[in-house]
Amino acid sequence: MLNNPFCLAVLFSLYQCYLWRVVSIPAPCGPGDPGEIQAAFKRLLKSGLANLPADGGGEESCRPGSPHEDIVQLEFDDPRAIDFRNALRPWFGNATWSSIKLHQVRQWLYWSIYNADMHCYESLTAAQQAVLTGALDLLQKRCGANVILRPFTFYLIIFLTNLSLKKWLQYGWSVRFAHYNGLEYLIRTPKHWDPVTGPRPLIFIHGLGVGLLMYNNLLQQFLHQFLDRPVLVLLQPQISQHIFHSKFLEPMTRYKTAEHLANLLVELGWVHHDPDDGNDTEEEKEIVQSLVGKRWKGVTMLSHS
């Protein structure tokens, strides 16, 4: 059997699986001495704090050692803070720093200190919480930024504020809320606007943030200034902190979003398909033929990322 390459490959795969299971479980050693762990953690944070001399720190130059530096609050754009944040990101799956939450950092610190998983911060003893608080304070100084905790009330306030703004736009500015193939949007169309002779419709696609709350003043300026044309605002709950939305964890891909938005514009009569496109239905071809000689202006699209 050992002469068969396939059998050898299977045995080697099983051995690799065994090694993976062994290294995946926590190490059998204990948490260690708290004093030694704290000293090691401070040495880690002090690493790279000292600024090198202008000549790069040759043998004859006075080159300060990082362990002699004090851990002070760094600015967010300090190169030492940026380098340290980038060095920490691999521990969190190379996630962006803004997406790393307080609970995740506490879990990492607890695992590093106590060699165990932390499921709930509130269940820790007072001594353990004090150790984590001290370590987190030093870590945030070294990173030049605070790790944000976003409680339920934060998301609830954002949700209620955006809901109120949506109602205000509906009743105060005659805006209509609608759906199209999973897309959500706000739209206002003047009664006497004509898609051929009228000015181009305005489409606004907001970026990452907190939804309508972030763009309320800009949207009201659009609605006040452009009374002679339709205004459409594409809503994207997956990038608006709308965790209560049913599709928050199942966002539409950018390709699907672009496809459905294009179809929506056709459905609204603001744009039309290329008459040479072989995918048009007979009804669409008849509509295109009826519009021969008429001038299509298209739309004006604005976005903020």
Side-chain angles (χ1 to χ4, degrees), residues 158-242 245-248 251-277 279-281 283-284 287-305:
I158 296 298
F159 169 73
L160 294 177
T161 303
N162 283 327
L163 181 62
S164 301
L165 289 175
K166 186 185 296 183
K167 296 298 182 183
W168 163 248
L169 292 174
Q170 286 178 305
Y171 295 106
W173 293 93
S174 301
V175 172
R176 181 171 56 90
F177 176 70
H179 298 259
Y180 179 83
N181 284 348
L183 288 182
E184 299 182 15
Y185 60 95
L186 295 172
I187 183 173
R188 187 190 67 182
T189 306
K191 293 182 179 180
H192 303 294
W193 176 80
D194 184 87
V196 177
T197 60
R200 291 183 177 183
L202 176 65
I203 301 173
F204 179 68
I205 303 176
H206 68 75
L208 179 66
V210 291
L212 294 178
L213 174 60
M214 189 172 179
Y215 299 98
N216 179 49
N217 293 335
L218 178 63
L219 296 181
Q220 292 197 40
Q221 182 178 352
F222 286 160
L223 295 172
H224 175 74
Q225 183 172 352
F226 300 107
L227 299 173
D228 58 345
R229 69 195 67 194
V231 176
L232 185 147
V233 180
L234 181 65
L235 302 178
Q236 303 184 80
Q238 70 275 10
I239 59 172
S240 303
Q241 308 290 342
H242 191 356
H245 195 276
S246 60
K247 296 297 183 180
F248 180 74
M252 191 180 300
T253 65
R254 62 180 184 272
Y255 301 107
K256 281 293 183 182
T257 301
E259 178 185 352
H260 291 335
L261 179 59
N263 292 334
L264 171 61
L265 300 182
V266 174
E267 185 78 14
L268 293 171
W270 296 357
V271 297
H272 70 289
H273 288 299
D274 189 339
D276 296 329
D277 189 353
N279 296 326
D280 287 346
T281 64
E283 182 180 359
E284 289 172 338
I287 295 176
V288 170
Q289 290 297 326
S290 66
L291 295 173
V292 172
K294 294 187 177 182
R295 183 165 54 95
W296 288 80
K297 297 184 177 181
V299 298
T300 300
M301 188 171 295
L302 301 176
S303 65
H304 180 265
S305 58

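For reference, positions follow the sequence shown, starting with 1.
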Give the minimum heavy-atom separation between [X] and [Y], together with the two atoms involved.
X: P190; Y: L227; value: CG-O, 3.4 Å
X: L186; Y: K166; value: CD2-CG, 4.1 Å
X: D228; Y: W193; value: O-CD1, 3.3 Å
X: V271; Y: G298; value: CG1-CA, 4.3 Å
X: S174; Y: R188; value: O-CG, 3.4 Å
X: P195; Y: G269; value: CB-O, 3.6 Å

Are [X] and [Y] close enough that some pair of their side-chain heavy atoms sits under 4.5 Å apart?
X: V299; Y: R200; result: no
X: L268; Y: I187; result: yes
X: W173; Y: H224; result: yes
X: L235; Y: L183; result: no
X: Y185; Y: L261; result: no
X: H206; Y: L234; result: no
X: L302; Y: F222; result: yes
X: V233; Y: Y215; result: no

Are the ring centres of F248 and H242 closer than 6.0 Å?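 Judged by ring-centre distance (under 6.0 Å), F248 and H242 do not meet the cut-off.
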Let me know which of S240, P237, P251 forms a side chain to side chain contact (heavy atoms under 4.5 Å, CB included) with H245.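 Output: one option passes, namely P237.
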Just to verify, which of L163, L212, V210 counts as forming a side chain to side chain contact (heavy atoms under 4.5 Å, CB included) with I158?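 Exactly one candidate clears the test, V210.
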Out of curiosity, [X] [atom1] to [Y] [atom2], how far, rounded to the nearest 0.5 Å?
X: H304; Y: L208; atom1: NE2; atom2: CG; value: 10.0 Å
X: R176; Y: Q170; atom1: CZ; atom2: CD; value: 10.0 Å
X: T161; Y: Q241; atom1: OG1; atom2: CD; value: 12.5 Å
X: E267; Y: L265; atom1: CD; atom2: CG; value: 10.5 Å
X: N263; Y: N181; atom1: CG; atom2: CG; value: 7.0 Å
X: L219; Y: L169; atom1: CG; atom2: CG; value: 6.5 Å

Show your reasoning for whether side chain to side chain donor-acceptor pair (under 3.5 Å) applies to N216 and Q220. CA-CA 6 Å; N216 179 49; Q220 292 197 40; 3.1 Å; yes
Keeping the roles fixed (side chain from N162, backbone from L213), state whether a donor-acceptor pair exists under 3.5 Å.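 Looks like yes, one N/O pair under 3.5 Å.
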Walk me through whether W270 and I203 qualify under side-chain contact (heavy atoms from CB on, under 4.5 Å). CA-CA 11 Å; W270 296 357; I203 301 173; 4.2 Å; yes
Which residues pass the ring-ring contact (aromatic ring centres under 6.0 Å, His included) test with H179, sequence neighbours left out?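 By the ring-ring contact (aromatic ring centres under 6.0 Å, His included) rule, H179 matches F177.
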